[in-house]
Amino acid sequence: MPDLSTFTLASTVAAVFGVSLGVMMPAIAMGWAISRALDALSRQPEAERSIMRTLFIGLAMIESLAIYVLVIVLIILFRNPLLEYLTQ
Amino acid sequence: MPDLSTFTLASTVAAVFGVSLGVMMPAIAMGWAISRALDALSRQPEAERSIMRTLFIGLAMIESLAIYVLVIVLIILFRNPLLEYLTQ
Amino acid sequence: MPDLSTFTLASTVAAVFGVSLGVMMPAIAMGWAISRALDALSRQPEAERSIMRTLFIGLAMIESLAIYVLVIVLIILFRNPLLEYLTQ
């Protein structure tokens, strides 16, 4: 039967690996988007305004995915609602 | 026989890894869509309005998939209906 | 012999990983469809109406696949009909 110490141990390890896995693919996606934006800028420098607007909104959307992971990990670490069942 | 502490432990670990796995492929899909939109903008800068409308509706559809995962994870963490069978 | 606590534990873990796995490939498919639609828009901007109609019907069909996963996961979490055999 795991107790409170096992719980804190597993939560910590899961938090670290969870955030590591969670930022992998958003980072790849941002790299693609930025590299393609630079390519587009070099081909059509006069379309800079629309390219940068599209890029920044897109990066914000990808960033939101990584922030979901971060929020869950911070909830796990700082205020895990499931922890109340063990401490009472 | 697992009890309440095993349940909370497994829920926490599953929540972290679940959200990490769940944002992976939406991030990749967003990266593809954004990079192809930037490519399209550099080729047809005068079609900016229709390109951006298509891109943003598409990003919202992909974002909805990630939000499904987030909703399930938050349900598991904060108000798991299956937990009532263990606490009573 | 698994009992009620094992059942709820496995249901919770399966729900989280199920929805994470279930949105992976719909996200990939949406990314493909959107990126190819943007490619088509940049090549034939005057065909915008038919391209967007085709894209949105396609995205709705892909979204329905992810919603199937979500519905099953919510049934598992909130009202699993198989649970009655254990609680009585």
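Keep in mind that this is a model prediction, so the values were computed, not measured. Letters go in sequence order (proteins before strands), and every chain restarts at 1.
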Whatever's closer than 4.5 Å to a heavy atom in chain B on L38(C) counts as both

Verify whether one side chain among Y68(B) and E63(C) offers a donor that lies under 3.5 Å from an acceptor in the other. yes

Applying a strict 4.5 Å limit to non-hydrogen atoms, the region of L65(B) in contact with chain C is both

### Query
Considering only heavy atoms from C-beta outward, does the side chain of T6(B) approach that of D3(B) to under 4.5 Å?
yes

Interface check, chain B: of I67(C), N80(C), V73(C), L83(C), most non-hydrogen pairs under 4.5 Å belong to L83(C)

When the 4.5 angstrom heavy-atom criterion is applied to L55(C) and chain B, the contacting part is side chain

So, the part of M52(C) with a heavy atom under 4.5 Å from chain B: the answer is side chain

Residue from P45(B), S35(B), A40(B) scoring the most non-hydrogen pairs under 4.5 Å with chain C is A40(B)

Checked M30(B), M24(B), R43(B) vs chain C; the most non-hydrogen pairs under 4.5 Å come from R43(B)

Under 4.5 Å to a heavy atom of chain B? For F17(C) that would be side chain

Heavy-atom closest pair (I75(B) atom, P81(B) atom, distance to 0.1 Å) is CG2-CD, 4.2 Å

Between I28(C) and I28(B) the two heavy atoms that sit nearest each other are CD1-CG2, 4.0 Å

Counting heavy-atom pairs under 4.5 angstrom with chain C, the leader among I72(B), T8(B), I51(B) is I72(B)

Show, in sequence, the C-alpha distance, side-chain angles and deciding distance for I76(B) and L77(C), and conclude whether the side chain to side chain contact (heavy atoms under 4.5 Å, CB included) test is met.
CA-CA 9 Å; I76(B) 295 293; L77(C) 283 181; 3.7 Å; yes

Answer yes or no: does atom CD of E46(C) have more than 12 heavy-atom neighbours from other residues, nucleotides or ligands under 6.0 Å?
-> yes

Okay, A33(C) and chain B: the region with an atom under 4.5 Å from a heavy atom over there is neither

Most heavy-atom pairs under 4.5 Å with chain B, out of L21(C), L74(C), L70(C), belong to L70(C)

Look at R53(B) together with E48(C) and state whether they make a salt bridge at an N to O cut-off of under 4.0 Å. yes

- Please answer whether the main-chain N or O of G18(B) pairs with a side-chain N or O of S20(C) as donor and acceptor at a distance below 3.5 Å. yes

